[in-house]
Structure formats: structure tokens, C-alpha cells
Amino acid sequence: MKNNTNNNDAIYLLDAKISVAKAIPFGLQHILAMFVANIAPIMIVANACGLGTENTAMIIQCAMIIAGIGTLIQLFPIWKIGSRLPIVMGISFTFVSLACVIGGKYGYGGIMGAVLVGGLIEGCLGLLAKYWIKIVSPIVAATVVTAIGFSLLSVGADSFGGGSDMEGFGSATNWILGLVTLVACILFNIFAKSFYKQLSVLFGLVVGYILACIMGVVDFSAISNINIIALPRLLPFKPEFHIDAIIAFVLVFLVSATETIGDTSALTSSGLGRDVTQKETAGSIVCDGFVSAISALFGCMPITSFSQNVGLVAMTKVVNRFAIASGAIIMILAGIFPVIGAILSTLPSAVLGGCTIMMFGTIVASGAQMISKCGFSQRNITIVALSLAVGLGFTQKPMLFDIFPQIIRTVFAENCVAVVFFMAIILNLLLPKNMENDVETNKVN
């Protein structure tokens with residue numbers, strides 16, 4: 001019964017078979033939600049390294065193909081690589097600031113060498129996860145998920161305003177586009193019937209895009225003078241191996257792994273209504289690491305799970321692997337046929353922001369639900385309160401980290417997820433398990 005492709009409930013089931021016609025809209029919705037964020041880190045790093053437009057376009061093309069392949073591996077694991085969960089992969093912002101520093105010092109080849117080694121190390125750590133994953137208790141994972149949600153709120157606001165690095169940020173035009181897109185999403189979700197409700201983000205994006213075209217703010221220049229077909233090249237940049245760059249990237253890969261743990265926990269909790277398994281967490285980390293190493297061989301930045309898409313799953317409850325796989329195939333085609341990627345890249349940031357602001361808030365809510373499920377014991381409250389206070393508070397004032405070495409500043413100064421994870425782990429290891437009993441004993445005495 002559950003595997004009947006005519007059953008509208010199939011999209012809410014992990015392994016149910018659905019038709020291609022039903023899968024494509026949901027897959028496309030996922031790709032539109034992350035497409036701009038997938039290519040933005042590349043553009044920032046390429047600019048910092050002084051790469052020309054031709055090289056930048058080539059890297060973006062490869063990134064879409066690698067992201068699509070990585071997503072398919074997460075959905076349909078190979079050996080121990082992959083989680084078998086509806087996780088969408090993409091180029092991570094986590095590495096951008098470090099990559100700009102390393103690129104300025106050693107060039108883009110120095111980045112690729114560090115990514116190759118760092119990815120292999122993260123992948124191996126994932127294979128050995130059963131020996132260390134227990135320190136990431138449910139309350140630690142719940143706290144990290146909450147931090148991920150909070151960290152993305154500013155990303156959603158930045159997109160809503162049109163991009164803080166763009167002229168006209170916060171203009172009336174961007175407000176109109178963002179608000180119309182948001183309202184379209186909400187209204188569609190209210191009035192649509194059956195499973196169509198879960199296409200509210202796609203509907204909002206289409207409405208916002210049409211309005212942007214009418215207002216004349218869509219830039220179609222990227223579509224001109226592009227090749228019909230382009231295939232990725234192996235080792236377009238010769239990797240260079242520098243010990244300081246490798247150590248720095250390995251540390252940030254550990255931070256990325258914590259985000260992956262949080263994303264995987266949030267997805268199973270909000271999308272599947274259960275706790276994540278050790279096998280799923282390990283497979284997700286292994287996929288992050290080894291696919292990142294492959295990414296470096298094709299001249300791309302590290303690849304990881306996308307929190308934006310976790311938020312989309314939390315909001316729609318659509319977890320069907322075949323639906324998400326259709327999105328992965330669209331990404332691969334967008335890399336092979338550059339015109340597809342060029343068209344998708346014309347989506348205005350304000351339109352994207354109108355959709356994502358709700359999605360990111362949903363991740364915060366999912367984190368709160370996970371914390372509630374763990375219970376509000378004195379110990380749990382202490383871990384959550386202190387971790388979030390230090391992580392979210394200190395990273396708002398990165399000058400607090402000025403007394404530390406550059407590597408510490410690079411990893412922690414503006415990365416609240418890393419600080420929250422570090423604090424939560426330390427507190428979880430140090431705080432006594434029987435804090436409530438100790439409090440009651442002191443009251444009696």
C-alpha cells in the first residue's frame with residue numbers, strides 16, 4: 001500500500017516509489033532553495049584568488065556536478081559512504097574565510113591540496129565514528145541544531161534585502177519581492193490541497209521570479225555566450241601541499257563535521273520523527289569527507305550537507321529519496337548543460353530570501369523540539385544556555401578572539417556553530433550526570 005505511486009502519502013515516505021512527474025517539482029524546489037548559496041562561495045574565493053571569469057565559470061560548472069553526485073551518494077550509499085537520508089549536498093560557506101587567506105598566500109592550488117587531504121581525514125574519521133560519536137549526546141546535537149538555525153537567520157535576512165554586498169540592499173524593490181514571495185508561499189500552503197501544499201516554496205519562487213521579471217530586475221546577461229555542453233576536467237589546478245594550510249583546513253573540516261551531525265539529527269527528527277542512528281551519522285560524515293576530496297580533484301571547494309534544505313524538509317515533511325534524487329539529477333544536468341545553471345543563477349536574492357526566512361526559522365523550531373525531547377533537567381538547561389550564550393554572543397563580537405592565534409580566530413571568531421559545539425561537548429563531558437540529585441541533597445542539608 002505504501003509503495004503505491006498513486007498514493008499521495010508517498011512523498012512523505014523515505015523509500016516509496018513515485019512517478020517522475022511528481023518527483024521533479026519537489027526536486028526542483030530543493031535545487032532552487034540552495035542554488036545561489038551553492039555557487040556564492042566559489043565566486044567569493046575565486047575573486048580573492050584572482051581567477052578569471054573563465055576559470056570561475058568552470059569551477060561553478062564542476063561544483064554543480066559534484067553537488068549532484070554527492071547528493072545521490074547520500075541518498076543511495078556506496079559501501080559506508082552516504083546516510084541513505086534525503087540530504088542535499090553543496091559547496092560550504094564554512095571554508096570561505098580560510099580559503100581566502102590560504103588562496104592569498106599559496107594560490108588556488110594550495111587550497112585544493114588542503115581540501116584533498118582534509119576531506120580524506122574527515123572521511124576516515126567518519127568511518128571510525130563508532131569510537132567517538134557517543135560524546136555527541138542528544139542534548140549536544142539538539143543544541144548544535146538550534147545554533148545552525150540561528151546562524152542561518154542572518155543569511156535569510158541578507159538574501160531578503162537583496163544581498164548585503166549588492167547595490168540597493170534593503171531597497172523598496174527588494175522588500176516588495178521578498179514580501180510577495182513570502183506571502184505567496186504562505187497562501188499557497190493554506191489554500192493548496194493534498195500533497196501540493198508542500199510545493200509552497202516552489203510556487204513562491206515562481207511568483208517572485210515572474211514579478212522580478214516584470215519589474216525588470218532579473219539580469220539575463222549570464223545566459224549569453226555560453227557553451228551548450230561542457231564536461232568537467234580532472235585536476236584543472238595542480239594541488240599544492242603546505243602543512244599550515246592542511247592543518248587549518250583539517251580543523252575547519254572538523255567544524256563542518258559538527259554541522260553535518262547537527263543537520264543529520266535535525267533532518268531525522270523533523271522529517272522522519274525519530275532520532276538519528278549512529279550508522280546514518282557516520283555515513284553522512286564519510287560522504288562529506290570523501291566527496292570533498294573528489295571535489296578537490298575537479299578544482300572545487302569542499303562539499304557538505306546544506307542546512308537550507310534541512311529546513312525545507314522540516315517545513316514540508318517531504319523525505320522521499322526519489323523526489324530529492326530528481327533534484328540531484330537536475331544539478332548534474334545544470335553542470336553538463338551550462339545554460340540550465342545560467343538560467344537558475346538569474347534568480348534574484350530577494351526572491352530567495354522571501355522563501356528561506358521561513359525555512360531557517362523552522363530549523364530553530366526543530367532544535368527547540370529536540371531540546372524539549374531531551375528534557376529540561378538542570379544539566380540540560382546548563383548545557384544549552386551556556387553553549388548558546390557563548391556561541392551566539394561571542395561571535396557577534398569577533399574582537400574577543402583577537403588575543404588568540406590566527407588559526408583559532410579563523411575557526412571560531414565568526415562561526416557560532418563551532419563555538420556552540422565546542423562548549424556543548426566540554427560541558428557534556430564535565431558536568432556531573434546527577435546534577436539534580438546534588439541540588440536536592442544540598443536543599444535537604
Side-chain angles (χ1 to χ4, degrees), residues 38 41-42 45 62-63 65-85 87-96 98-99 102 110-136 141 144 148 234-235 239 241 243 245-265 267 276-307 309-310 328 410-411 415 417-418 421-422 425:
N38 187 44
I42 296 171
V45 174
C62 291
I65 295 174
I66 295 297
I69 293 173
T71 302
L72 288 176
I73 293 174
Q74 283 283 23
L75 294 166
F76 307 100
I78 300 173
W79 185 50
K80 297 182 179 181
I81 307 174
S83 61
R84 205 173 168 274
L85 294 173
I87 293 175
V88 176
M89 304 287 282
I91 304 300
S92 175
F93 266 104
T94 305
F95 297 84
V96 168
L98 175 60
I102 299 301
I111 298 174
M112 292 300 97
V115 172
L116 178 59
V117 176
L120 291 174
I121 290 176
E122 185 191 12
C124 292
L125 285 174
L127 292 175
L128 300 173
K130 66 178 182 180
Y131 299 107
W132 57 266
I133 198 66
K134 290 181 180 179
I135 67 173
V136 186
V144 172
I148 289 173
L234 183 64
L235 294 176
F241 302 97
I243 188 63
I246 291 172
I247 292 173
F249 262 90
V250 167
L251 289 175
V252 181
F253 264 108
L254 296 179
V255 174
S256 178
T258 68
E259 295 176 348
T260 298
I261 292 171
D263 285 343
T264 309
S265 298
L267 192 144
V276 66
T277 66
Q278 186 181 103
K279 181 179 179 181
E280 289 167 340
T281 301
S284 190
I285 296 171
V286 172
C287 185
D288 267 21
F290 289 153
V291 175
S292 289
I294 294 173
S295 182
L297 296 178
F298 289 92
C300 293
M301 294 278 290
I303 192 171
T304 187
S305 60
F306 251 45
S307 299
N309 298 83
V310 174
T410 298
V411 174
N415 191 333
V417 176
F421 179 77
F422 178 77
I425 286 290

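Please read all numbers here as calculations on a predicted model, not as lab measurements.
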Q: State, yes or no, whether a side-chain contact exists between Ile261 and Val144 at a heavy-atom distance under 4.5 Å.
A: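 No, too far: nothing below the 4.5 Å cut-off.
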Q: Going by heavy atoms in the side chains, are Ile66 and Ile294 under 4.5 Å from each other?
A: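 Of all side-chain heavy-atom pairs linking Ile294 with Ile66, at least one is under 4.5 Å.
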Q: For the residue pair Thr260 and Thr304, confirm or rule out a side-chain donor-acceptor distance under 3.5 Å.
A: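 Yes, because at least one side-chain N or O of Thr260 sits under 3.5 Å from a partner of the opposite role on Thr304.
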Q: Report yes or no: do Ser83 and Glu280 form a side-chain donor-acceptor pair below 3.5 Å?
A: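 No.
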Q: What is the distance from atom CE of Met112 to atom CZ of Phe298, rounded to the nearest 0.5 Å?
A: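 Result: 13.0 Å between the selected atoms.
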Q: How close do Ile87 and Thr71 get, counting heavy atoms only, and between which atoms?
A: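 Closest pair (atom of Ile87, atom of Thr71, distance): O-CG2, 3.5 Å.
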Q: Rounded to the nearest 0.5 Å, how far apart are NZ of Lys279 and NZ of Lys80?
A: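 So the gap between those two atoms works out to 9.5 Å.
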Q: Do you know the tightest heavy-atom contact between Leu85 and Leu75?
A: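 The answer is O-CD2, 3.4 Å.
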Q: Go through Ile102 and Phe95 one step at a time and tell me if the side-chain contact (heavy atoms from CB on, under 4.5 Å) criterion holds.
A: CA-CA 10 Å; Ile102 299 301; Phe95 297 84; over 6 Å; no
Q: Atom CG in Leu297, atom SG in Cys62: separation rounded to 0.5 Å?
A: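 If we round to the nearest 0.5 Å, Leu297:CG and Cys62:SG are 11.0 Å apart.
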Q: Are there over 12 heavy-atom neighbours, none belonging to Phe422, within less than 6.0 Å of that residue's CZ?
A: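 No, not enclosed.
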Q: As a quick check of understanding, evaluate side-chain contact (heavy atoms from CB on, under 4.5 Å) for Phe249 and Ile111, giving each step before the final call.
A: CA-CA 9 Å; Phe249 262 90; Ile111 298 174; 3.9 Å; yes
Q: To the nearest 0.5 Å, how far apart are CD1 in Ile247 and CD1 in Ile243?
A: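 Atom-to-atom, Ile247:CD1 and Ile243:CD1 are 4.5 Å apart.
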Q: Are there more than 12 heavy atoms of other residues, nucleotides or ligands under 6.0 Å from atom CG of Leu235?
A: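 Check passes, neighbour count above 12.
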Q: For Ser305 and Met89, indicate whether the former's side chain and the latter's backbone hold a donor-acceptor pair under 3.5 Å.
A: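 The answer is no, because no donor-acceptor pair under 3.5 Å joins these two groups.
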Q: Can you tell me how far apart CG (Asp263) and OG1 (Thr281) are? Round to the nearest 0.5 Å.
A: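 Atom-to-atom, Asp263:CG and Thr281:OG1 are 11.0 Å apart.
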Q: As an exercise, state the distance from CD1 of Ile78 to CZ of Phe290, rounded to the nearest 0.5 Å.
A: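 Ile78 atom CD1 to Phe290 atom CZ measures 12.0 Å (nearest 0.5 Å).
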Q: So which heavy atom on Ser256 is nearest to which on Asp288, and how close?
A: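 That would be OG-OD2, 4.2 Å.
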Q: Ignoring hydrogens and angles, write down the donor-acceptor pairs under 3.5 Å from the side chains of residues 113-126, residues two or more places apart or on other chains.
A:
residue: Glu122; atom: OE1; partner: Gly289; partner atom: N; Å: 3.4

Q: What pair of heavy atoms forms the shortest contact from Ser284 to Thr264, and how long is it?
A: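 Here Ser284 and Thr264 meet closest at OG-OG1, 3.1 Å.
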Q: At their closest point, which heavy atom of Cys287 faces which heavy atom of Ile81, and how far apart are they?
A: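 Looking at all heavy atoms of both residues, the shortest contact is CA-CG2, 3.7 Å.
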Q: Which pair of non-hydrogen atoms, one from Ile91 and one from Ala63, has the smallest distance, and what is that distance?
A: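 Result for this residue pair: CG1-CB, 3.9 Å.
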